[in-house]
2 protein chains.
Amino acid sequence: MADIVSARRLQPGETLFVEGEPADRLFNITAGTMMVYRLLPDGRRQITGFLFPGDFLGFGSESVYHYSAESITVVDLCRFSRPELQRLLERFPAMEQRLFGMASHELAAAQDQMVLLGRKTAQEKVASFLIMLSERAAQRGQKSNPVSVPMSRSQIGDYLGLSIETTSRVFSRLKQKKIIARRPGDRIEILDRDTLAAMAEGA
Amino acid sequence: MADIVSARRLQPGETLFVEGEPADRLFNITAGTMMVYRLLPDGRRQITGFLFPGDFLGFGSESVYHYSAESITVVDLCRFSRPELQRLLERFPAMEQRLFGMASHELAAAQDQMVLLGRKTAQEKVASFLIMLSERAAQRGQKSNPVSVPMSRSQIGDYLGLSIETTSRVFSRLKQKKIIARRPGDRIEILDRDTLAAMAEGA
DNA sequence: CGATCCGTTGAGGTGCGTCAACGGGAGTGG
DNA sequence: CCACTCCCGTTGACGCACCTCAACGGATCG
């Protein structure tokens, strides 16, 4: 395994690859936060996902990436070359099952995001976003309550289908209602998780 | 293969399975149109996809369905039982690769849909929808220009993240601008595909 | 110390949702 | 064969959630 992998470090805001580039590499994030997004011709952006340590990037079966990837924080990643990986898959067919499981999981997440984008209000979107961040932090064994929120308002807005200003206003309102609070660094503390979770589901 | 399959016919509006049910079956549509959707507690609905002949349904790797499925027209489908399929997969590992390819393809479609839901206007959404319907009809060898649109305004709206009324108004406006025209049955003719495609991408 | 970027907040506008009324087609029963 | 009902689609009037435009303050950096 070791000889088909190479490491790489990205500074914040570096583009790892862009939509349409040949998808000859696969990455695994070991540290930091990244985002993947698509653009409309006039520049409107939809961020389709945020990626954290442990997540894979570029593992579709297509020949070109159909989205762009950019780092948000400093990021460390492992790079696998696709042809080598292909040989590995032929040697160990059980890995294919893992890949399929990962794709299935992503598909479920994508459907959640469609519900959010199509049918939730601004407040419900932000609440869902914070709950999701907190749960994902817990899943990878990081602190889930004062949760780290490394992305900017603009990135959060482009993920939730909102403007920067609306995103900021919702955060302010949640703070004012004592449901969340700012903490040193990029951390946000969830003061009333039940209320926040209820908001997220529109109840 | 033949002995693990059974056929089934659905009348319009029949529910095939609901969110949360154990996902022990997999289906392939041989005729008709279906939809898959998720609901929020208060009844808001997001339709996450429409399915046509040749499409598979319920092929995730999870143990329960995380969405509901309902027929739109009369539908014929083949049913596979999951445990049998599992045995088949172990005999023919190459099939896993096909499954992964399908999941990848769906993931790409889901990302397109996120761009649509998060960043497109009502008119861009409807234009994208019609182009998509037409292209998918062509892909399965059906007539792509007077294209069949079997779903109701309410279903289209819940797919595009719009209200019934807005959906209807956009259709009216496109008709009035001579970009589309109603045809007998559930067909819509695309009179100016270039303009419609340009609208879809927001240009 | 100016420049830049990000976040916040206010004021005002608008695209789309909501509410409502109406018409046509399909199914039903007298 | 004709009322009657129900459902769907359409259209108008109106309201509001969110977007746009704008100003400002704080942090970071050369």
Handout entry: Interface residues of residues 157-166 of chain B with DNA chain C (non-hydrogen, below 4.0 angstrom)
Key =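 Result for residues 157-166 of chain B: G161(B), L162(B), S163(B), E165(B), T166(B), sorted by number.
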Is the phosphate of [N] approached by [X] (side-chain N or O, under 4.0 Å from OP1 or OP2)?
{"X": "R169(B)", "N": "dT10(D)", "result": "no"}
{"X": "K175(B)", "N": "dT10(D)", "result": "yes"}
{"X": "S172(A)", "N": "dT9(C)", "result": "yes"}

Problem - Distance-minimising heavy-atom pair for R187(B) and S148(B) - result: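 Looks like NH1-N, 3.7 Å.
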Problem - Flag for Q111(B)-R38(A): side-chain donor and acceptor within less than 3.5 Å - result: no
Problem - Distance under 6.0 Å and angle within 45° of ring axis: R136(A) vs F52(A) - result: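 Checked: cation-pi criterion not met.
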Problem - Sidechain N-carboxylate O distance under 4.0 Å for E124(B), R44(A) - result: yes
Between [atom2] of [N] and [atom1] of [X], the distance in whole Å:
{"X": "R153(A)", "N": "dT9(C)", "atom1": "CZ", "atom2": "P", "value": "10 Å"}
{"X": "I72(B)", "N": "dC7(D)", "atom1": "CD1", "atom2": "P", "value": "18 Å"}
{"X": "F171(B)", "N": "dC16(C)", "atom1": "CZ", "atom2": "P", "value": "15 Å"}
{"X": "R45(B)", "N": "dG17(C)", "atom1": "CZ", "atom2": "P", "value": "15 Å"}
{"X": "E124(B)", "N": "dC16(C)", "atom1": "CD", "atom2": "P", "value": "9 Å"}
{"X": "R182(B)", "N": "dG25(C)", "atom1": "CZ", "atom2": "P", "value": "11 Å"}
{"X": "K125(A)", "N": "dA17(D)", "atom1": "NZ", "atom2": "C1'", "value": "11 Å"}
{"X": "K120(B)", "N": "dG15(C)", "atom1": "NZ", "atom2": "P", "value": "19 Å"}

Handout entry: Heavy-atom side-chain proximity of L133(A) to M151(A) below 4.5 angstrom
Key = yes
Practice task
Anything under 30° is parallel, anything over 60° is perpendicular, the rest tilted; go ahead and classify F17(B) against Y65(B).
Solution key: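 Plane angle under 30°, so parallel.
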Practice task
May I ask you to check whether over 12 heavy atoms, not counting those of R79(A), lie within 6.0 Å of atom CZ?
Solution key: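 Atom CZ in R79(A) is not crowded, with 12 or fewer foreign heavy atoms closer than 6.0 Å.
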Problem - Upstream residue (5' side of DNA chain C) when R119(A) and S154(A) are each assigned their closest nucleotide - result: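 Between the two, 5'-proximity favours S154(A).
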